Amino acid sequence: MSLNGLMKQLGRQFFMTHHPHNQPFAAPLLSNNPQLFFLSRSIVCRNQSLQPRRLTIATMSTTTSDPVHLDTIFKQKKALRTRVRRDLKSMDPTLRSKEDDAIQNLVLDAPWFKSCKRLCAYISCRALREVDTSKLLSEILNNSSKDDYIQMTKTLYVPRVEDKNSHMRMLNISSMNDLIANAMNILEPAPTDVEGNEHQDVMLADHPVDLLLLPGLAFDKSGRRLGRGGGYYDAFLTKYLGLVKERKWKEPFLVALSYSVQIMDDGVIPVTPHDVYVDALVSPSGVIPISEAAKARCQ
Ligand SMILES: Nc1nc2c(c(=O)[nH]1)N(C=O)[C@@H](CNc1ccc(C(=O)N[C@@H](CCC(=O)O)C(=O)O)cc1)CN2
Ligand SMILES: Nc1ncnc2c1ncn2[C@@H]1O[C@H](COP(=O)(O)OP(=O)(O)OP(=O)(O)O)[C@@H](O)[C@H]1O
């Protein structure tokens with residue numbers, strides 16, 4: 001059936017989203033029927049002055065601000081989270097550990113990691129079955145690698161949840177001792193270090209981060225990312241990318257770490273307008289470049 005036919009059949013209940021900082025990009029369409037997902041011909045590309053430009057080839061009615069439609073999509077997100085949490089729980093611990101090693105080694109070997117000077121990373125939580133970042137964090141903080149290239153000291157920022165209103169800051173730490181467990185039992189920086197100094201907020205830093213290593217529950221090879229539902233990362237990324245644009249800094253590389261079971265087929269991950277797409281995935285089988293920027297870096 002043609003795209004037009006499908007649109008008519010579904011009462012033109014289509015949903016369009018955009019890729020905020022990469023190009024070119026096909027965005028998904030969601031129908032009200034949770035079983036039916038389509039790829040649209042909406043393409044986002046960027047001209048040389050870094051202004052996002054959307055080229056919409058198909059005509060469609062967009063209802064992005066329709067609360068009923070959004071509610072349907074948030075329900076679809078919730079259902080997918082439940083499914084992925086279940087799959088993560090039933091993952092064989094030996095396989096998990098192998099995948100943790102493979103993913104972290106791939107990151108450590110990647111030129112974009114070796115050359116990065118400042119980065120945001122998450123402190124993985126075992127109970128949430130997140131891809132382990134402990135080896136990465138210890139390499140970054142202890143600067144223990146023998147490799148001259150990686151020997152460069154990196155400035156590390158990690159998340160701190162400030163309130164339940166999707167507000168998270170990325171604060172600079174120089175040691176795992178700077179961390180305490182929060183109410184969700186995730187390690188995060190205490191408001192001040194042992195000497196009583198505030199940890200620097202990445203939003204107030206004079207230099208941009210080159211890289212963000214992102215957690216999440218599900219990902220696809222077009223860059224969609226489903227988080228845990230707090231909206232913390234999407235809100236932070238939107239704010240940070242706004243700052244980057246305002247300061248005319250180079251855009252950071254957004255890389256999600258994903259177990260094999262977390263990679264979905266295209267069209268499975270529901271998206272809402274605030275969702276920020278990633279540039280690349282690191283899965284146990286390799287680095288998957290998604291955006292044009294990522295393809296250029298991963299050549
Ligand atoms: N390691 C890590 N740190 C992070 C995040 C993350 O995803 N991982 N965040 C990213 O946003 C922020 C915290 N957000 C979080 C949101 C939900 C849950 C959580 O425990 N969710 C449970 C379900 C809770 C429920 O639905 O009642 C779960 O996913 O099982 C944890 C952290 C900031 N720090
Ligand atoms: N940029 C934003 N500004 C304001 N609210 C936001 C923003 N991003 C997400 N939210 C809100 O956060 C809630 C969860 O959003 P969503 O389910 O898409 O998050 P997620 O992608 O699972 O989480 P995360 O971004 O933390 O990984 C929604 O109620 C959404 O409206």
Side-chain angles (χ1 to χ4, degrees), residues 15 17-21 28 30 64-91 100 103-104 120-134 136-137 156-171 173 176 179-190 199 201-203 212-220 223-243 254-259 262 264 268-278 281:
F15 190 78
T17 188
H18 67 281
H19 189 292
H21 67 291
L30 296 173
T64 49
S65 56
D66 174 356
V68 179
H69 196 196
L70 277 178
D71 192 48
T72 306
I73 297 166
F74 280 120
K75 281 189 180 128
Q76 292 167 345
K77 285 190 171 195
K78 202 171 165 198
L80 183 58
R81 284 191 194 99
T82 305
R83 201 187 97 195
V84 178
R85 275 200 205 96
R86 190 198 58 212
D87 291 348
L88 285 170
K89 264 193 185 154
S90 61
M91 202 174 156
D100 281 329
I103 294 167
Q104 291 185 96
C120 295
Y122 64 95
I123 315 284
S124 58
C125 173
R126 273 190 97 76
L128 293 176
R129 266 87 171 173
E130 291 181 311
V131 171
D132 189 12
T133 53
S134 58
L136 299 175
L137 298 170
L156 174 66
Y157 297 87
V158 299
R160 176 181 159 85
V161 169
E162 297 297 350
D163 57 54
K164 288 194 173 153
N165 204 18
S166 301
H167 183 208
M168 160 182 103
R169 291 192 298 154
M170 286 285 178
L171 302 181
I173 59 159
M176 292 301 273
L179 304 172
I180 50 165
N182 66 14
M184 295 176 266
N185 219 17
I186 296 180
L187 288 173
E188 63 177 24
H199 296 284
D201 183 335
V202 76
M203 291 298 294
L212 284 107
L213 296 177
L214 308 171
L217 272 172
F219 312 94
D220 70 23
R224 298 180 194 99
R225 170 185 165 276
L226 178 73
R228 293 195 173 266
Y232 293 99
Y233 266 93
D234 288 322
F236 168 77
L237 289 170
T238 303
K239 251 188 323 187
Y240 192 68
L241 293 174
L243 180 74
L254 308 186
V255 179
L257 308 187
S258 175
Y259 291 121
Q262 293 178 281
M264 305 290 128
V268 169
I269 299 184
V271 283
T272 35
H274 63 255
D275 283 322
V276 177
Y277 285 61
V278 300
L281 296 179

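Every number for a ligand or one of its atoms is a count from 1 in the order of the listing. Since this is a predicted model, take the numbers as computed values, not measurements.
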Quiz item: Which protein heavy atom lies closest to atom 7 (C) of ligand 2, and at what distance to 0.1 Å?
Solution: His274 CG, 3.9 Å
Quiz item: How does Arg81 reach ligand 1, by side chain, by backbone, by both or by neither, if only non-hydrogen atoms under 4.0 Å count?
Solution: neither
Exercise. Would you mind listing which atoms of ligand 1 come within a distance below 4.0 Å of any non-hydrogen atom of Pro159?
Key: 33 (C), 34 (N)
Self-check item: Interatomic distance, Asn185 atom CG to Leu128 atom CG [nearest 0.5 angstrom]
Solution: 9.0 Å
Exercise. Check each atom of ligand 1 against the heavy atoms of Met168 and keep those under 4.0 Å away; list them by number with element.
Key: 33 (C)
Quiz prompt | Other residues, nucleotides, ligands: >12 heavy atoms within 6.0 Å of Lys239 NZ | solution = yes
Self-check item: Gap between atom OH of Tyr277 and atom CZ of Phe219 - 0.5 Å precision
Solution: 14.0 Å
Practice problem: Provide, to 0.1 Å, the distance between atom 29 (O) of ligand 1 and the closest protein heavy atom, together with that atom's residue and name. | Solution: Arg228 NH1, 2.6 Å
Quiz item: So is Gly230 close enough to ligand 1, meaning a heavy atom under 4.0 angstrom away?
Solution: no
Practice problem: Report the nearest protein non-hydrogen atom to atom 9 (N) of ligand 1: residue, atom name, distance rounded to 0.1 Å. | Solution: Tyr233 CE1, 3.8 Å
Quiz prompt | ligand 1-proximal atoms of Ile123, by part, heavy-atom distance under 4.0 Å | solution = backbone
Quiz prompt | Tyr232 to Lys164 - nearest heavy-atom pair and separation | solution = OH-CA, 3.5 Å
Quiz prompt | Heavy-atom check, side chain of Glu188 versus side chain of Val158, under 4.5 Å | solution = no
Quiz item: Counting both backbone and side chain atoms, is some N or O of Tyr232 under 3.5 Å from an N or O of ligand 1?
Solution: no
Self-check item: Stepwise salt bridge (charged side-chain N to carboxylate O under 4.0 Å, His left out) test for Asp100 and Arg129
Solution: CA-CA 10 Å; Asp100 281 329; Arg129 266 87 171 173; over 6 Å; no
Quiz prompt | Proximal ligand 2 atoms for Asp275, defined as those under 4.0 Å from one of its heavy atoms | solution = 18 (O), 21 (O)
Quiz item: Which atoms from ligand 2 have a heavy atom of Arg81 less than 4.0 Å away?
Solution: 16 (P), 17 (O), 19 (O), 20 (P), 22 (O)
Practice problem: Quick one: look up the protein heavy atom nearest atom 23 (O) of ligand 2 and list residue, atom name and how far away it is. | Solution: Gly231 N, 3.1 Å
Exercise. To the nearest 0.5 angstrom, please state how far the OG atom of Ser258 sits from the CG atom of Leu214.
Key: 11.5 Å
Self-check item: Inter-residue atom distance Asp220.CG - Leu226.CG, 0.5 Å rounding
Solution: 10.5 Å
Quiz item: Is the closest heavy-atom distance from Arg225 to ligand 2 below 4.0 Å?
Solution: yes
Practice problem: Would you please determine whether Pro215 falls within less than 4.0 Å of ligand 1 on a heavy-atom basis? | Solution: yes
Quiz item: With a 4.0 Å heavy-atom cut-off (strictly under), which part of Glu188 contacts ligand 1: side chain, backbone, both or neither?
Solution: neither
Practice problem: Evaluate the side-chain proximity of Met264 to Leu80: yes if any heavy-atom separation is below 4.5 Å, no if none is. | Solution: yes
Self-check item: Nearest protein heavy atom with distance in Å, relative to atom 18 (O) of ligand 2
Solution: Lys77 NZ, 2.5 Å
Quiz prompt | Shortest reach to atom 13 (C) of ligand 1 by a heavy atom, considering only Leu187, Val158, Val161, Leu214 | solution = Val161
Quiz item: Between Asp234 (side chain) and Val276 (backbone), is there a donor-acceptor pair under 3.5 Å?
Solution: yes
Quiz item: Got a sec: does the CG of Asp71 have more than 12 other heavy atoms crowding it under 6.0 Å?
Solution: yes
Quiz prompt | Per-atom contacts, ligand 2 versus Gly230 - under 4.0 Å to a heavy atom | solution = 12 (O), 14 (C), 23 (O), 26 (O)
Quiz item: Are the side chains of Arg160 and His167 in touch, meaning some heavy atoms are under 4.5 Å apart?
Solution: no
Quiz item: Where is the nearest protein heavy atom to atom 21 (O) of ligand 2: which residue, which atom, and how far?
Solution: Asp234 OD2, 2.9 Å
Quiz item: Do the side chains of Val131 and Pro215 get nearer than 4.5 Å, heavy atoms only?
Solution: no
Quiz item: Between CG of Leu70 and NE2 of His274, what distance do you get to the nearest 0.5 Å?
Solution: 8.5 Å
Practice problem: Check each atom of ligand 2 against the heavy atoms of Tyr232 and keep those under 4.0 Å away; list them by number with element. | Solution: 24 (P), 25 (O), 26 (O)
Practice problem: Around atom 19 (C) of ligand 1, find the nearest protein heavy atom and jot down its residue, atom name and distance. | Solution: Leu128 CD2, 3.9 Å
Quiz item: Is there a side-chain contact between Arg228 and Glu130, using heavy atoms and a 4.5 Å cut-off?
Solution: yes
Exercise. Out of Ala256, Ser166, Pro159, indicate the one that has the non-hydrogen atom closest to atom 6 (C) of ligand 2.
Key: Ser166
Self-check item: Side-chain heavy atoms of Tyr157 within contact of Ile173, under 4.5 Å
Solution: no
Exercise. Could you tell me whether some N/O pair between Tyr122 and ligand 1 is separated by less than 3.5 angstrom?
Key: no
Quiz prompt | Flag: protein heavy atom within less than 4.0 Å of atom 27 (O) of ligand 1 | solution = no
Quiz item: Considering only the protein, which heavy-atom contact is closest to atom 31 (C) of ligand 1, and what is its distance?
Solution: Met184 SD, 3.4 Å
Quiz item: For ligand 1, which atoms have a heavy atom of Ile186 less than 4.0 angstrom away?
Solution: 1 (N), 2 (C), 3 (N), 31 (C), 32 (C)
Practice problem: Run down the list Arg160, Arg85, Glu130 and name the one with the heavy atom closest to atom 23 (C) of ligand 1. | Solution: Arg85
Practice problem: Step by step, work out the side chain to side chain contact (heavy atoms under 4.5 Å, CB included) result for Leu212 and Leu237. | Solution: CA-CA 9 Å; Leu212 284 107; Leu237 289 170; 3.8 Å; yes
Quiz prompt | Part of Arg228 within contact of ligand 2 (heavy atoms, under 4.0 Å) | solution = backbone
Practice problem: Compare all side-chain heavy atoms of Arg86 with those of Arg83 and state whether any distance is below 4.5 angstrom. | Solution: yes
Self-check item: Close approach of Phe74 to ligand 2, heavy atoms, under 4.0 angstrom
Solution: yes
Exercise. Would you confirm whether any non-hydrogen atom of the protein falls under 4.0 Å from atom 13 (C) of ligand 2?
Key: yes
Self-check item: Flag, side chain of Thr133 to backbone of Ser124, donor-acceptor distance under 3.5 Å
Solution: yes
Exercise. Give the atoms of ligand 2, by number and element, whose distance to some non-hydrogen atom of Ala235 is under 4.0 Å.
Key: 1 (N), 2 (C), 8 (N)
Quiz item: Backbone, side chain, both or neither: what part of Leu217 comes under 4.0 angstrom of ligand 2, heavy atoms only?
Solution: neither
Self-check item: Numbered atoms and elements of ligand 2 in range of Tyr233, under 4.0 angstrom, heavy atoms
Solution: 24 (P), 25 (O), 26 (O), 27 (O)
Practice problem: Report yes if some N/O of Ser124 lies less than 3.5 Å from some N/O of ligand 1; otherwise report no. | Solution: no
